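Only one structure is covered here, and it is reproduced in the block below.
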Amino acid sequence: MVVRTRFAPSPTGFIHVGSVYAAMLDYAFAKKHQGQFVLRIEDTDQKRLVKGAEERIYQGLEWLGLIPDESPKHGGPYGPYRQSERLEIYQKYARELVEKGHAYYCFCSPERLEKIRQEQKKKNQVPMYDRCCRRISLAEAQKRLARGERAVIRMKIPDNEKIVVPDLLRGEIVFDSRMIDDQVLIKSDGFPTYHLAVVVDDHLMKITHVVRGEEWLPSAPKHVLLYRYFGWKMPVLIHTPTLRNPDKSKLSKRQGHTSLDWYREQGFLPEALLNFLALLGWSHPEEKEIFSFDEFIKVFDLKDVSPIGPVFDLKKLEWMNGVYIRQKSDQELIGLLKPFLPQMTPEQISQAAPLIKERIRKLIEAADLLEFVWRRVDYDPEFLLQRGVTREQAREMLLKTKEIIEAVGVDNSEELQQKLLELIARKQWNTGAFFMVFRIAICGKKITPPIIESLPLLGHQEVLARLSLALEKLA
RNA sequence: GCCGCCAUCGUCUAGAGGCCUAGGACGCCACCCUUUCAAGGUGGAGAUCGCGGGUUCGAAUCCCGCUGGCGGCACCA
């Protein structure tokens with residue numbers, strides 16, 4: 001059997017990392033079995049549509065390397081892949097259900113529905129439709145429809161039945177049909193609800209494994225019923241755990257970072273994000289922490305994913321990202337760094353990359369570390385006096401350093417280092433203290449890349465100018 | 001309120017009856033290296049396996065109950 005999985009986001013703005021988690025599993029599982037990974041756009045809620053959102057989905061997936069085999073953009077044999085272009089299909093299947101007696105037209109107004117919901121809530125009952133319109137005969141319903149009355153189509157839920165939902169990670173989950181509402185399948189605007197659309201599309205698109213967030217678990221029995229009503233074979237259901245905030249609640253903007261774009265903007269690498277996500281709810285058979293996505297595809301299995309909702313630990317992601325950054329070649333890193341350092345020339349970035357490579361965990365941190373390159377960072381004169389260095393000592397240090405640099409320049413780091421070390425030895429200065437004064441005079445900060453190697457980034461003249469400036473401050 | 005899912009160090013997890021005086025990783029602490037910060041190296045603290053009952057010669061591992069956390073109860077997905 002050919003494995004087919006799908007990623008089915010709504011184009012409502014941004015890609016949630018929780019969606020990325022599911023998409024990663026979808027993609028990996030499909031590829032593991034030489035199957036196809038399908039992207040379907042679930043745009044059935046006209047009110048929530050956001051322009052440009054679909055484009056962002058393509059960009060996000062491309063950045064991650066999770067390229068769909070079929071999608072609205074790439075095409076494919078089971079299209080269209082945008083639900084808003086499949087309206088007649090849903091209509092047809094909904095009508096089929098009505099004819100078979102598994103669904104019915106409902107003419108209740110939103111106001112009436114709201115009213116009964118309120119009453120039920122007051123009585124501490126589960127808010128549910130009272131099935132009032134089930135009594136209307138099909139003939140009468142069609143008459144009212146012909147008169148132009150607006151209606152929705154609802155599915156009939158059996159009165160008292162145990163409905164079994166098979167979930168790959170949790171086994172069989174039993175639901176009581178009395179707890180399930182007569183779900184709307186077609187809205188009054190003619191659009192399908194999620195429930196009808198997924199079942200119809202997953203079947204028509206020959207999806208074999210449905211990977212989705214566990215928040216869908218409570219509505220799964222409705223889907224089971226629909227498959228039964230249609231007489232279709234169920235795909236394998238996999239409900240993935242919800243990613244959590246540190247307080248265990250569902251991962252939210254309030255406490256964490258939910259948008260894929262944010263991770264990209266911060267300079268997380270896609271391979272690091274994927275590696276990190278893979279380790280949520282799953283572990284490498286050899287307990288490896290760092291592994292490629294290809295290796296993941298090879299060794300993982302969907303059924304080994306744990307249903308425990310994991311806390312999204314940004315600290316660990318940052319560590320992992322640092323590992324991936326250090327694994328990059330200098331050339332690769334230079335390319336990655338460019339968008340984050342618009343103030344620097346390509347030559348400067350090339351020089352700086354090896355200097356900061358093992359000092360950053362996210363690419364965006366490069367800007368902080370290298371700020372001194374394009375800016376003379378201001379500081380108080382007292383800031384120069386670190387580690388017990390007196391004003392007089394600092395002056396002498398900088399004066400002598402200036403003389404040496406005037407003589408040997410800034411581009412031969414080894415020679416400069418040797419000369420400075422000789423100076424330090426001669427004067428019996430504290431090495432650490434000397435370099436700290438020097439560092440602040442040049443960078444205005446205590447935390448910088450190695451100072452001698454950083455000087456060529458500024459050039460001979462600028463280095464001398466900054467030393468002069470520091471000496472003025474001390475005068 | 002009702003229904004459902006889940007439960008091992010702070011966090012991610014290993015563990016599928018004896019190999020567990022519970023292993024690894026992140027984070028944290030200390031030391032080493034060192035011109036700052038990192039990186040790297042070494043070591044350390046940190047989990048009576050949510051609680052209570054069983055089953056068993058033996059339970060983190062199996063069963064039941066409880067508690068707790070989370071999720072869902074729309075003409076949103």
Side-chain angles (χ1 to χ4, degrees), chain A residues 8-10 12 42-45 47-48 106 108-110 113-114 117 120-121 123-129 150-154 165 167 169-170 173-176 178-181 183-189 191-195 197-198 212-221 239 241-242 244 246-250 276 279-290 306-320 322-323 326 356-361 369 386-387 417 420-421 424 430-440 443 445-452:
Chain A
S10 292
T12 52
E42 308 225 323
D43 54 350
T44 55
D45 186 1
K47 295 185 280 296
R48 299 205 312 166
C106 169
C108 293
S109 67
L113 296 176
E114 184 53 30
R117 244 195 301 273
Q120 285 163 332
K121 244 183 189 158
K123 283 186 253 170
N124 250 333
Q125 290 172 329
V126 185
M128 263 206 282
Y129 178 55
R150 282 169 80 79
V152 301
I153 295 178
R154 287 182 185 271
V165 174
D167 177 273
L169 310 183
R170 301 156 226 264
I173 304 159
V174 181
F175 290 87
D176 186 334
R178 285 172 297 189
M179 298 292 116
I180 303 170
D181 208 356
Q183 184 57 235
V184 170
L185 298 177
I186 297 283
K187 300 181 254 184
S188 58
D189 63 0
F191 277 69
T193 56
Y194 169 82
H195 307 283
V198 254
R212 75 210 325 179
E214 67 176 325
E215 59 272 22
W216 290 109
L217 204 42
S219 57
H239 290 94
T242 307
R244 315 284 185 92
D247 73 352
K248 308 275 186 170
S249 58
K250 193 165 151 183
F276 173 75
L279 249 12
L280 296 180
W282 182 85
S283 66
H284 189 104
E286 292 161 34
E287 296 199 54
K288 279 201 223 170
E289 299 285 332
I290 305 291
S306 152
I308 305 170
V311 172
F312 194 99
D313 183 2
L314 201 60
K315 275 278 194 303
K316 183 157 182 173
L317 207 210
E318 287 178 346
W319 161 76
M320 193 171 275
V323 172
R326 276 171 254 132
I356 61 168
K357 191 173 183 174
E358 49 194 31
R359 275 164 248 266
I360 56 174
R361 294 155 91 80
L369 221 41
Q386 298 286 339
R387 303 194 176 195
Q417 162 145 350
L420 290 176
L421 256 19
I424 291 164
N430 177 291
T431 310
F434 169 83
F435 278 106
M436 189 48 90
V437 173
F438 186 22
R439 181 186 316 281
I440 291 169
C443 305
K445 289 182 181 179
K446 287 166 83 171
I447 297 176
T448 75
I451 188 63
I452 293 176

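All values below come from the heavy atoms of this structure, side chains included, with hydrogens, waters and symmetry mates left out. In what follows, chains are A, B, ... by sequence order, proteins preceding strands, each numbered from 1. Remember, predicted model here, so these are calculated numbers, not experimental data.
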For [X], side-chain hydrogen bond (donor to acceptor under 3.5 Å, both in side chains) partners two or more places apart:
| X | result |
| --- | --- |
| A/K445 | A/E371 |
| A/D43 | A/S84 |
| A/K288 | A/E295 |
| A/R212 | A/Y194, A/H223, A/H239 |

Could you tell me how far apart [X] ([atom1]) and [N] ([atom2]) are, to the nearest whole angstrom?
| X | N | atom1 | atom2 | answer |
| --- | --- | --- | --- | --- |
| A/D247 | B/G68 | CG | P | 17 Å |
| A/R212 | B/C5 | CZ | P | 16 Å |
| A/K121 | B/C2 | NZ | P | 15 Å |
| A/E289 | B/G23 | CD | C1' | 12 Å |
| A/M320 | B/A25 | CE | C1' | 8 Å |

Using the test salt bridge (Lys or Arg N to Asp or Glu O under 4.0 Å), find all partners of [X] that sit at least two apart in sequence or belong to another chain.
| X | value |
| --- | --- |
| A/E358 | none |
| A/K187 | none |
| A/D189 | none |
| A/K357 | A/D330 |

Please state the [atom1] separation for the pair [N] and [M] - nearest whole angstrom.
| N | M | atom1 | result |
| --- | --- | --- | --- |
| B/G68 | B/A30 | P | 39 Å |
| B/U8 | B/A47 | P | 15 Å |
| B/A25 | B/G72 | P | 36 Å |
| B/G53 | B/U67 | C1' | 14 Å |
| B/U55 | B/C63 | C1' | 7 Å |
| B/G52 | B/A59 | P | 14 Å |
| B/G43 | B/C51 | C1' | 36 Å |
| B/C26 | B/G44 | P | 15 Å |

Determine, for nucleotides 71-77 of chain B in 5'-to-3' order, which nucleotides have protein heavy atoms under 4.0 Å from the base (write B), from only the sugar-phosphate (write S), or from neither (write -).
SSSSBBB
Under a 4.0 Å heavy-atom criterion, the protein footprint on nucleotides 27-40 of chain B, written with B, S and -, is S-------BBBBSS
Go through the steps to decide whether A/D313 and A/K316 satisfy the test salt bridge (Lys or Arg N to Asp or Glu O under 4.0 Å), and finish with yes or no.
CA-CA 6 Å; A/D313 183 2; A/K316 183 157 182 173; over 6 Å; no
Keeping A/T193 on the side-chain end and A/V184 on the backbone end, is there a donor-acceptor pair under 3.5 Å?
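Yes, because the side chain of A/T193 sits within donor-acceptor range (under 3.5 Å) of the backbone of A/V184.
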Please tabulate the protein-to-nucleotide N/O contacts below 3.5 Å involving nucleotides 13-17 of chain B, giving atom names and distances.
from: B/U13; atom 1: OP1; to: A/G281; atom 2: N; distance (Å): 2.4

Counting only Watson-Crick pairs (N1-N3 plus N6-O4 or O6-N4) and G-U wobbles (N1-O2, O6-N3), all under 3.5 Å, who is the partner of B/G65?
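The base-pairing partner of B/G65, which may sit in any strand shown, is B/C51.
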Residues that A/F312 engages under ring pair (Phe, Tyr, Trp, His ring centres under 6.0 Å), provided they are two or more places apart
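A/F312 satisfies ring pair (Phe, Tyr, Trp, His ring centres under 6.0 Å) with A/Y263, A/F276 once adjacent residues are dropped.
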Does a sphere of radius 6.0 Å around CZ in A/R326 hold more than 12 heavy atoms from other residues, nucleotides or ligands, not counting ones at 6.0 Å or beyond?
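Atom CZ in A/R326 is packed in, count exceeds 12.
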